[in-house]
Amino acid sequence: MDNGISTSPELPDPTNIEPDVIQGSEQCCLDLGLMWISEPPEVDDNIPVLIDAELAVRLRTIPIALDAGQLIVVMLKPDDIEASDEVATITGYPVTRAGVTDEIFSELMRKYFGTTAARMAESLGGQTSDDTEEGAHNLDTIEADDIHRMAEEPTLINLVNLILLEAIQSRASDVHIEPFETELKVKYRIDGILIEQPPPPKHLQPALTGRIKIMSSMNIAERYVPQDGHIALRFEGRKVDIRVSTVPTLYGESVVMRILDKSALPLDLVSLGMAEAMRNEIDALIAKPHGLVLVTGPTGSGKTTSLYAALSKLYDPSKKIITIEDPVEYELSGINQIPVNPKRGLTFATGLRSILRQDPDVIFVGEIRDAETADIAIRSALTGHLIFSTIHTNDAVSSIGRLVDMGVEPYLVASVLEGVLAQRLGRRICSDCKEEVPITEDLSHRLSKEEQELLGGKMWVGRGCDKCNNTGSRGRIGYFELVTLTGKFRAAVSENLPAGQLTVLLPDSHTDMRRDGMIKVSQGLTTISEVLRATQDTDEI
């Protein structure tokens, strides 16, 4: 079966460009005596259209200006003389080459040659008949062979390619394809929020779903049970993994594709938005020779990303680091990563037992979700291993009670637990369009007196611009709370005091997630609404 994005002669696949094709550099231009463009250039809108989208995508070249009869073109590989000669032949102008940054080139490509999924779906919308439309609403009448045939149509292949391409370019973490009675919705989850895209025609549903199932090596004939699959593709010279899940619904299969783009993963705590003082405490925790360090929060709060950042910082060839994850989301260089496989008997607990026989120094357990895993993790930490893991609780202190609830003796928790990091994720204000405005009344009454004094009646918001797709936000930032166990606090844990009494013992310098978020609001990094939304479940603690 096809296990990647296929292409057709009609449209070069922009997701399958080899690294050497896209690597242009400022030094390369200097060596060749060519221009280097590092700021968005002024472009005459009549110039880029001198070549068509097919040529621009294939040659990675965009004309931007005419100067004294010379056609100036920006190129991702400015030393490609054959490409510039082809442009000169097509346009009839002598060509002057210029290098350009990847970001600027991508913006120009989207603006002038944006063969978007929406446009392609719209063009395919008319290619149907009444019989086809009727069949689209009665999916039981469509045979698997017909779906396979439709899914192999070049135009359909390109439509799926473009949906994935646009999602990756938009920094989406997930693509949702949701079937309803009369429409097929496509949504991208960007910065944690689902954003609806222009929908493809309903009659394309079987072929669209079938194409994705072919790419992810699923059983295309099975439409009534959930399936999981995987797509591996190359985008701009880098590997992107996509986890695919389908479930049968009333009107067909719902598809969710989780995009795992390592290049978009911030593997340092500064990029995650962690304050310097807290980073220093984290450094002290990961430098310990043994013990248990937990990261807690709900699904989607960035726990694994934070631990990946810690492991990357911790990595040293002299240390044996092994992870067991469900699933392995990103490949970390130099670290042995084991995917959980319950069907074959490889669970967190059984895997952790085997890892201990591999002479590890550091172990990362994807999640402590049952008593057996908790017990093995605790005893591993007691026997001289440094253990990292995640757990689902509302705040840092509550994770202690969760371990006790799983059957771990309080004195064992107090003995091995070194620290707990709790976190949430909120949207980061777009730096290109942010502005300071007075705090609105509906937000002001939700702030404490201390928070109002911190903000001084002002807050930052994003107006919305082209860089952030008019959302006012671009990227995400973490709100963190770190509890490190000291003598008095450790003694209270061993006595099994409830979370409320443990919280009282935290030092005056302790910063909870809401306070950390409000500090970032005062710095113009995020909004009050985002902090309140992300941390509201911690207010009762």
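Only heavy atoms go into these numbers, but all of them, side chains included; no hydrogens, no water, no symmetry mates. Since the structure is predicted, the reported quantities are computational estimates derived from the model, not experimental observations.
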query = Is the side chain of S301 donor-acceptor paired with the backbone N or O of P298 at a distance under 3.5 Å, no angle test?
reply = yes
query = Looking at side-chain heavy atoms only, is the closest gap between V175 and K187 below 4.5 Å?
reply = no
message = Could you tell me if E325 and Y330 have a donor-acceptor pair between their side chains, going purely by distance under 3.5 Å?
response = no
ask   = If you look at every heavy atom in L50 and I90, which pair is closest and at what distance?
value = O-CG2, 4.4 Å
message = Any donor-acceptor pair under 3.5 Å linking the side-chain atoms of E367 with those of T390?
response = no
ask   = Should we count CG of L194 as having more than 12 external heavy atoms under 6.0 Å?
value = yes
query = Got more than 12 heavy atoms from elsewhere within 6.0 Å of CD, E39?
reply = no
inquiry  = Quick one, R243 and D228 - any side-chain contact, counting heavy atoms below 4.5 Å?
reply    = no
inquiry  = Restricting to non-hydrogen atoms, name the atom on I477 and the atom on R428 that form the minimum distance, rounded to 0.1 Å.
reply    = CG1-NH2, 3.7 Å
query = Of the non-hydrogen atoms in P40 and I104, which two are nearest, and what is the gap between them?
reply = N-CD1, 3.6 Å
key: Side-chain donor or acceptor of S389 paired with backbone N/O of V365 under 3.5 Å   = yes
message = Whether R514 and E451 form a salt bridge (side-chain N of Lys/Arg under 4.0 Å from carboxylate O of Asp/Glu) is what I want to check.
response = yes
request  = Please lay out, stage by stage, how I177 and I212 fare under the test side chain to side chain contact (heavy atoms under 4.5 Å, CB included).
outcome  = CA-CA 10 Å; I177 299 177; I212 294 169; 3.4 Å; yes
Exceeds 12 heavy-atom contacts within 6.0 angstrom, atom OH of Y315 = yes
query = Do the non-hydrogen side-chain atoms of P199 and K185 ever get within less than 4.5 Å of each other?
reply = no
request  = Kindly indicate whether the side chain of P48, heavy atoms from C-beta on, has any atom under 4.5 Å from the side chain of I62.
outcome  = yes
request  = Write down the atom of M75, the atom of D80, and the distance for their closest heavy-atom approach.
outcome  = CE-O, 3.5 Å
task = For T96 and Q70, run side-chain hydrogen bond (donor to acceptor under 3.5 Å, both in side chains): C-alpha distance rounded to whole Å, both residues' side-chain angles, the deciding distance at 0.1 Å, then the answer.
result = CA-CA 6 Å; T96 298; Q70 292 278 327; 2.9 Å; yes
ask   = Is any side-chain N of the basic residue among E253 and K213 closer than 4.0 Å to the acidic one's carboxylate O?
value = yes
key: Residue pair E481 / Q423, side-chain donor-acceptor N/O under 3.5 Å   = no
ask   = Just wondering, do T471 and C430 contact through their side chains at under 4.5 Å, heavy atoms?
value = no
Less than 3.5 Å apart, which donor and acceptor atoms pair up between the side chains of residues 519-526 and the rest of the protein, not counting sequence neighbours?
from	atom 1	to	atom 2	distance (Å)
K520	NZ	G273	O	2.7
K520	NZ	G478	O	2.6
K520	NZ	D516	OD2	2.7
S522	OG	I519	O	2.5
T526	OG1	R427	O	2.8
T526	OG1	Y479	OH	2.8

ask   = Hey, does I324 have a side-chain heavy atom less than 4.5 Å from the side chain of V340?
value = yes
message = Out of the candidates R171, R476, R474, only one should pair with D191 under the side chain to side chain donor-acceptor pair (under 3.5 Å) rule; please name it.
response = R171
query = How would you list all residue pairs meeting salt bridge (Lys or Arg N to Asp or Glu O under 4.0 Å) that involve residues 278-287, not counting sequence neighbours?
reply = D283-K313
query = So do the side chains of T323 and N336 get within less than 4.5 Å of each other, counting heavy atoms only?
reply = no
query = So which pairs with a foot in residues 455-470 pass salt bridge (Lys or Arg N to Asp or Glu O under 4.0 Å), sequence neighbours left out?
reply = E435-R463
